[in-house]
Structure formats: C-alpha cells, structure tokens
Amino acid sequence: MAFDIDRYTKQSEGVEWGDLDLDVFDEQPLDEPTLRTLRYMCDVEYHTVCYLRDLLTTPSHKEPEVGAFMTMWNREEFWHGEALAAVLAKHDITVDYDVLKARRVKLGWKDRLDPIKQSLLGNVVGHDFVAVHMTYGAANEYSANAAYHRLAKMVTHPVLTPLLKRIAIQESKHIAFYATQARKRLEASKKARVITRFVMSKVWQPVGSGINSDDEVTHVMTHLFRGPDGRKIIRDLDTKISALPGLEGLQIVEKAMDARGVPA
Amino acid sequence: MTSGGEGTREGGSDAGGRTGDERTHAPHHIRGDARRGAAPTGHAHAGIVETMSRTTAPERAFDVRAFARDARGSHRDALDLAAFVDAPLDDVSLRLVAVLHHVEAATMGRLRDMLVTATHKDARVTAFLVTWAYERFWIADALRAILDAHDHPTELHGRARFRPRELAERRGPVRRAIIANLTGTDVIAVHASTGLVDEWIIGEAFGALARHARHATIDVLAGIVDDVQSRHLDFLGQEAERRLAESARARRLSRRAILGGAWPIGAIHVPARARHLLERLTFAGAQGRLALERVRDRVAALPGMDATADRLAARLVA
Ligand SMILES: [Fe+2]
Ligand SMILES: [Fe+2]
C-alpha cells in the first residue's frame, strides 16, 4: 500500500518502443476511429507538462516525495506522447513541437488564467487543496490505465497492443502514487474530504476534456466505452474512485458517459 | 506595452545598462570557451539535426529529442561513497554541498515559475525542461547521497539575506503569471538567459568544490555535472542567443532579471551565511577571480549584455 518513491524514481524510464517494428503499420494500418482516439491520447500525454503547472501551484512539491514523483511522472508522460506520436507519424499524422505549440496557443486566456485560478483557490482552501489534486490525479490515471488496456484489447495489433500495454504498466504506477497520496490526505482531514467530494462531483470531466473539443471527447469515450463491456469498465472506474475516503457512492465517470450519450 | 507589469524598480539602472549594452550586436558564440579541465568531453551533440520539428530554422541545431532520450539518471553507482569513511569531507565542503543540494533540489519550484508563463506554450522548450528537471533531480540526489554518507543534514538553517533589488525573486505564482501574461513570449528569452547564467555559476561552484575538497569522489561528481551541464548550456545558449538577438525587449527584460537575480537561482531562499559561503568559495581568491572573469565574459558575449556582465560580476562578490 505504501508507495516506494526511491524504487519508483530509480526504475523510471521513458517507455521503450525501439524493439517494436513500426513498419508493421505499413501492412496493418490502424483504422480511422482508432487513429482519432490515439491522437487524443497523444495530446493528453503531451499536455501533462501544462497540467503539472497547475499541480505545482500548491506547496506540495516541496515535500521531497511529491517533488521526486512529479519529476519522473512528467517525463514518463512526455514519452507516452512521443511513443504515440511515432505511431501516428506512420499514418502521416504529424504531432510535432510546432503542432503542439499551436494547440497550446489556441487555448488562449483560459489557459493563461488557470495557474492564477489554481493558486487563488489553493490559497483560499489551504493545504487541503493538495488532496483535491491528488484525487483528481488518481481519477485521471485510473482512466488512462483503463483506456490503454481497453484499446490494446480492441485492436489486437502486433505492435500497437504491446506498446499500449507498456504504457498502461507505467500508468498503474502513477495510480499507485496518486491513490496512496489521496487516501492519506483524505483520511487526515474532514475538510479535505468535503472539498474533494465537491470538486470531483461538480468539476471532474474525463481526461482531455479541457484541451479537446466536445466532439473529440465524445468520439473517444464512445469509441472506447460503448456497449456492455465498456460500461463494465466505466463502473469499475467509479468503484475505484469512490473507494477513496469521502467519495463513497460517487458515480462521476458513468454520469459523464451518460451526459455524452455513450450507449451502455 | 513596454515595461508592462514589470514595474520600474530597476528603471534607472535599466536605462543606464541599455546604453552600455546595446553597443554590441554581432552574433556571438557561447560554446567553445574553456571548460573545466577535469570534465569528460561528453557526447558530440552540437550539429545533430533536429528531426522532430518541421521547423527548419538553421539555429535549431540542438536535438531536443536526442537529449531527452539520452537523459542521465542516477549517479549513485558512479560515486564511491565508501571512500568518505576513511577520507570524509571537511565541514566547509559539506556546507557547500548542502547549498548546492538546496538549489538543485528546488528545480520543481523553478519549473513552476517558468510554466506559469508563456514559456509553457513552447512545446520544444517544455520538452527540454522535462528532461532538464530530471537530470537536475539526479544531481541533487548525488549531492544528497554525499550528505547522507556524512550524516550531514540536508536542511539549511538561518535567515535569508534581504536585498531590495532581489524582491522580484520572492514573487509567488500568481504575480508571476499576471506579469508574464503582459510580457508574452519575450519571457522565454529571460528564462533562457537567466538559466544560462545560473548554469555557469553552478558550474563554477562545483569547480570550487572540487578545488577545495581535493577528493576523488568529488572530482568524479564534478566531471558528471560538467557533462550533464554541457547539454543544458548548449540548448539554453542557442535559445538565449537567438531570442536576445531578435528582440530589444527580450534584452531589456533579461538585463533586469540578471541584475535583479539572487545567484544561483534559488539562492533567495538560502540562508545568508550559506549563500556567503558559496560566493566566497566560488569567486574569492586567485582561482575565484578567474571563475568570476569566466562568468563575466560569457555573460558579456550574449547579445546586449556587455555592461550587465560587469555589474553582475561586481554583485557576485559584493
Ligand atoms: Fe500516460
Ligand atoms: Fe499517467
């Protein structure tokens, strides 16, 4: 249950795909909906550094364990972006620094105000705001892990499936950190539980919602989670998230799917 | 919008610095100056062509992706920590190690200060920063291992120095974000140029540590730091050169940041005595004066930084 930060930092590395033969995509290319979903995932991964900025507005990064994790985590997510970009490039979809920059510039004032908003909120709420970040992070990592496993299973592709599984393994380490942190901080404070429950039930949206259009979010969620199998994964996610102290009974992921019309 | 929200605190000196600094405009080269002798030569990175970005500007010689791929992780296996049992470091060396650990370990805070500005939109710069932070983490870890081997505390105690001109360094993320929203992309030049100055000073401090400690393990560490830093210097140098050469505003903002800075970056939170120790060991004495001249010359070689370099050098020993 405890998260071994020394072990994690020592073992942290960029996800490896040099041994996978990407030329297989020439013979077995991915279909359009899969590429669209991968593009979304790739964006989310690369966007982590911007999300990190928001996490860093609370003083939690001064705790050595948190700072150490964020350093490694940020880099691992960057490499997830790189790996997916390499797959997309094999399908003539370019995600390079210029494309990413253009997208970040397009986010405009909302993006500029985010760190200010986060900081001010953090100052008002105080130290308990860290619990919100950790819980949010846990929910995001649970979702990422589930999404990669799901897509790996859906495509059963000789290259994409192993790559996605490798990424998912790293996501499960991220889950371990965030969930451990969230649990500890929620257990310690009633105020943290109340604020976190409020934020998760009112504010939380599927990963990537903030940076992608509604159409893209709906496409990805439907592509990955439609039908009974998908719905089962969604309910599992809710079970895990609502197992955190103070979040009992929440069904935020299923609600988000229903709101977007993802068929069960 | 000229000085924007940056205030006019340095206004008078800024104007003075401008007349002195704007005389030189020729393209400069940062690399190629004598690096410390103990350093391994490292990889030949200059000249590798950027493969990821479609942007074909010739100045984009630094391959960020290759840098990210070759990132240097833990150094613990390379350091003979057992050697400290028979030959421990003296107290002054340990205190310098603790100061260096303090500033290297504060990297997440620095990353935050940069990410709340337009710097975070430049994906090539953030790709660099992700790996830069990772490598600094492991330098801090190596320093920590040395402190641990001596049962020396990692925390520094005592009151920080107070200098009105360094007040800007105490800004929190909200003020930094608000100011940076007015400053725009010129802030990237400021982060590159101050990052460079920081790496130069840190590099000299490690050199001073090696000179003072006279210990094989510290020599190895200084060599590692030199190797790791060389790539940070390549990137930051290229970015600073280009961005400063392009924009008078970037030069003005950078001059102000360099002269308003507490060096190395993060020193603002270092207790006064510890900060003094770092400055004295690094820049006092015959060897220190040479170190100071090296820093001054490198700063002076940046576009528009002639007079700023002299003023910075004077402050580093004040
Ligand atoms: Fe990821
Ligand atoms: Fe993750």
Side-chain angles (χ1 to χ4, degrees), chain A residues 6 9-14 18 46-62 64 66-68 70-72 74-79 81-82 85-86 89 94-107 109 111-120 122-123, chain B residues 50-57 60 64-65 68-71 73-74 76-77 105-138 140-141 144 154 172-178 180-182 184-185 269:
Chain A
D6 288 335
T9 52
K10 243 198 154 93
Q11 294 179 347
S12 171
E13 55 187 13
Y46 274 131
H47 197 73
T48 304
V49 69
C50 306
Y51 179 61
L52 170 72
R53 175 194 65 183
D54 296 350
L55 296 180
L56 291 176
T57 54
T58 76
S60 63
H61 64 90
K62 288 184 186 156
V66 178
M70 285 178 178
T71 307
M72 303 299 140
N74 187 225
R75 179 165 171 268
E76 288 179 9
E77 305 292 26
F78 167 79
W79 279 107
E82 293 277 278
T94 309
V95 185
D96 60 17
Y97 297 138
D98 293 338
V99 170
L100 292 170
K101 184 175 170 182
R103 286 180 74 96
R104 288 182 195 174
V105 169
K106 224 175 84 184
L107 288 176
W109 274 100
D111 185 49
R112 289 196 192 191
L113 292 174
D114 265 350
I116 298 171
K117 218 165 56 194
Q118 291 279 333
S119 271
L120 294 177
N123 286 340
Chain B
E50 171 80 61
T51 50
M52 182 184 188
S53 179
R54 277 178 304 164
T55 308
T56 50
R60 296 213 166 169
V64 173
R65 190 174 245 181
R69 182 48 92 188
D70 303 344
S74 174
R76 289 198 182 225
D77 291 344
T107 300
M108 279 288 113
R110 272 187 70 186
L111 194 56
R112 191 264 316 269
D113 290 345
M114 291 189 272
L115 291 177
V116 297
T117 73
T119 295
H120 88 275
K121 288 191 193 292
D122 193 314
R124 185 167 175 270
V125 175
T126 58
F128 167 80
L129 289 175
V130 166
T131 303
W132 166 86
Y134 173 85
E135 293 195 323
R136 285 179 65 105
F137 173 89
W138 287 113
D141 177 76
R144 199 207 164 94
T154 49
V174 174
R175 292 189 59 205
R176 280 176 197 270
I178 292 170
N181 282 344
L182 302 169
T185 51
H269 302 298

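Just so it is clear: chains get the letters A, B, ... in the order the sequence lines come, proteins before strands, and each one is counted from 1. This structure is a prediction, so every number in the text was calculated from the model and none was measured.
For the atom pair A:Thr9 OG1 and B:Trp138 CH2, the distance stands at 4.0 Å (nearest 0.5 Å). The CG atom of A:Asp6 lies 8.0 Å from the CG atom of B:Asp141; values are rounded to the nearest 0.5 Å. Atom CG of B:Asp113 is separated from atom CG of A:Leu56 by 9.5 Å, given to the nearest 0.5 angstrom. To the nearest 0.5 Å, atoms CZ (A:Arg75) and CD (B:Glu135) are separated by 8.0 Å. Atom NZ of residue A:Lys10 and atom CZ of residue B:Arg76 lie 6.5 Å apart, to the nearest 0.5 angstrom.
For B:Arg110, the CZ atom sits in a packed shell: over 12 heavy atoms of surrounding residues, nucleotides or ligands are nearer than 6.0 Å.
The shortest non-hydrogen separation linking A:Cys50 to B:His120 is SG-CD2, 3.6 Å. A pairwise comparison of heavy atoms in A:Arg53 and B:Leu115 identifies CD-O, 2.9 Å as the closest pair. When all heavy atoms are compared, the tightest approach of A:Leu100 to B:Ala123 is CB-CB, 3.6 Å. For the pair B:Arg65 and A:Trp79, the tightest heavy-atom approach, listed with the atom from each and the gap, is O-CH2, 4.2 Å.
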Quiz item: Should B:Arg124 and A:Lys101 be marked as a side chain to side chain contact (heavy atoms under 4.5 Å, CB included) after you check the CA-CA gap, both sets of side-chain angles, and the distance that decides it?
Solution: CA-CA 8 Å; B:Arg124 185 167 175 270; A:Lys101 184 175 170 182; over 6 Å; no
Practice problem: Please lay out, stage by stage, how B:Val64 and A:Tyr97 fare under the test side chain to side chain contact (heavy atoms under 4.5 Å, CB included). | Solution: CA-CA 10 Å; B:Val64 173; A:Tyr97 297 138; 3.5 Å; yes
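Interface residue B:Arg69: backbone and side-chain heavy atoms are both found under 4.5 Å from chain A. Contact of B:Phe137 with chain A is made through the side chain alone, with heavy-atom distances under 4.5 Å. Of the atoms belonging to A:Ala68, heavy atoms from both backbone and side chain fall under 4.5 Å from chain B. The contact between B:Ala68 and chain A is made by backbone and side chain atoms together, counting heavy-atom distances below 4.5 Å.
Comparing B:Ala127, B:Ala105, B:Ala106 by how many heavy-atom pairs each has under 4.5 Å with chain A, the most go to B:Ala127.
In this model, a donor atom of one side chain and an acceptor atom of the other lie less than 3.5 Å apart for A:Arg104 and B:Thr126.
No side-chain heavy atom of B:Tyr134 sits under 4.5 Å from any side-chain heavy atom of A:Asn74.
A side chain to side chain contact (heavy atoms under 4.5 Å, CB included) with B:Val130 is found for exactly one of A:Thr71, A:Val49, A:Thr48, namely A:Val49.
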